[in-house]
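A short worksheet on the structure shown next.
First listed ligand is number 1; within each ligand, the first listed atom is number 1.
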Amino acid sequence: MSAMVTLDRLSKNFGAERAVRDVSLSVAQGEFVTLLGPSGCGKTTTLRCIAGLEHPDAGEIRIGRDVVAAPEQGIYLAPEHRNIGMVFQSYAVWPHMTVFDNVAYGLRVRRVRGADIKTRTRRALELVGLEHLAGRYATKLSGGQRQRVALARAIVYEPRVILFDEPLSNLDAKLREQMRVELVRLQQEVGITSVYVTHDQTEALVMSDRVVVMDKGVIQQIGDPHDIYARPRNAFVANFIGATNLLEGVLRGRNGDICDVEIALGESHAPVRIKALGGNVVAGDQRMIVSVRPEDLSIHLQAPDGDGGNVFEGEVIDTVYLGNFLECNVRVGTQEIGVQLDHYMQLRPQQKVFVAFEPDRGLCLTE
Ligand SMILES: Nc1ncnc2c1ncn2[C@@H]1O[C@H](COP(=O)(O)OP(=O)(O)OP(=O)(O)O)[C@@H](O)[C@H]1O
Ligand SMILES: [Mg+2]
């Protein structure tokens, strides 16, 4: 598949602030790629560089085969010449216009023929499910409907790429979930290349072909949702995508895929040896972090049978009832370990318990 958006060592500074550093990424035609990361990690800046709303300091941006920005070569193409659609969080829908006119506006500005304006606008409204509201004024729409108008406005002139910056974050939780599914369906139907920005990890996992995890202007990992969740490359990614327990330890040995790691639990507790998957670990006696997700841990009232590995003795701190499951925090030495349990389990604070996990559910990571 050919690349539709290519970033080659893109960098953008604001004074001393290095907002985007050496970001390289290739988005295939028709692909849905999400930039995900905490606030201030450089997502919007990257998107604005692609759109042409920011001038990068270094690197190159290509849309299809066209170089649209390359500061070292003095190349910069204005946003209106990049053929890119944009949908942002503050859906600036024009209140004094009808839904139809809001969508048709972009075509009129581009001097499209009258008859074509009608068909294309109708088609775009149909795609977002708003054809029945074409004549209504934009002020008389719900948040979700307004966001759909913004979407129709972005797709109506058939751009090569659509950029989304947190388009669903102003909607309430239920509508947000519904719009996620609709947006992906629409994106697949139109087959348009999409670069989507969010700091919501569920949104990224649900919607994307690939996720780009960023931190402090730098790409930490690129992969499909399963990769990112099941095989995080480092502790930052493991902790940012879903909840996890990070246990610091030292590598004591390795047998094939499985590492033998010594975990310190504080002065009053002897260190325990556990086994976990190698991840990207290379050398012995190396400090590392074992990541175990709450849903991969189990709780036992008696010491579980077996070869005596991967069991911690601890004490319940508290439990949080979440309807479909129970979250239990257990103190093990100086560590606090979160475990996700069946919702019918009953545990009380200070109860003595054993926490266990299978070696292939733990992952050794570097920081
Ligand atoms: N116009 C600007 N002038 C100065 N600094 C800026 C400007 N725009 C962004 N920054 C800084 O660049 C960094 C990256 O900002 P950016 O808006 O790309 O983050 P973000 O990942 O989109 O965050 P959020 O999730 O909060 O929207 C931040 O530290 C921000 O303060
Ligand atoms: Mg932003």
Mind checking whether Glu166 has a heavy atom under 4.0 Å from ligand 1? yes
Non-hydrogen atom of Cys41 closer than 4.0 Å to ligand 1: yes
When you measure from [atom] to every protein heavy atom, which one gives the shortest distance, and what is it?
| atom | result |
| --- | --- |
| atom 15 (O) of ligand 1 | Thr45 OG1, 3.7 Å |
| atom 26 (O) of ligand 1 | Ser39 OG, 2.5 Å |
| atom 17 (O) of ligand 1 | Thr44 CB, 3.7 Å |
| atom 23 (O) of ligand 1 | Gly40 N, 2.7 Å |
| atom 9 (C) of ligand 1 | Phe14 CE1, 3.4 Å |

Can you name the one residue among Asn102, Val103, Val99 that meets side chain to side chain contact (heavy atoms under 4.5 Å, CB included) with Val93? Asn102
Under a 4.0 Å heavy-atom limit, does Glu17 contact ligand 1 with its side chain, its backbone, both, or neither? side chain
Could you pull out, from Pro38, Gly217, Ala19, the option with a heavy atom nearest to atom 12 (O) of ligand 1? Ala19
Side-chain donor/acceptor of [X] to backbone N/O of [Y], under 3.5 Å:
| X | Y | result |
| --- | --- | --- |
| Arg331 | Ile317 | no |
| Arg233 | Gln220 | yes |
| Gln147 | Pro167 | yes |
| Gln187 | Gly30 | yes |

With a 4.0 Å cut-off, strictly under, does atom 31 (O) of ligand 1 pick up any protein heavy atom? no
Nearest protein heavy atom to atom 2 (C) of ligand 1: under 4.0 Å? yes
Going by the angle between their ring planes, with limits at 30° and 60°, are Phe32 and Phe164 parallel, tilted or perpendicular? parallel
Taking the side chain as every heavy atom from C-beta outward, state whether Arg287 and Glu248 have any pair of such atoms under 4.5 Å apart. yes
Thr44 near the Mg ion (ligand 2) via N/O/S, less than 2.8 Å: yes
Is [X] in polar range of ligand 1, meaning some N or O pair under 3.5 Å apart?
| X | value |
| --- | --- |
| Thr46 | no |
| Gly42 | yes |
| Lys43 | yes |

Separation between CD of Glu182 and CG of Leu175, rounded to the nearest 0.5 Å: 8.0 Å
Distance col, row Asp200:CG vs Leu168:CG, nearest 0.5 angstrom, shows 9.0 Å
Quick one: which of Arg273, Arg252, Arg254 gives a side chain to side chain donor-acceptor pair (under 3.5 Å) with Asp260? Arg273
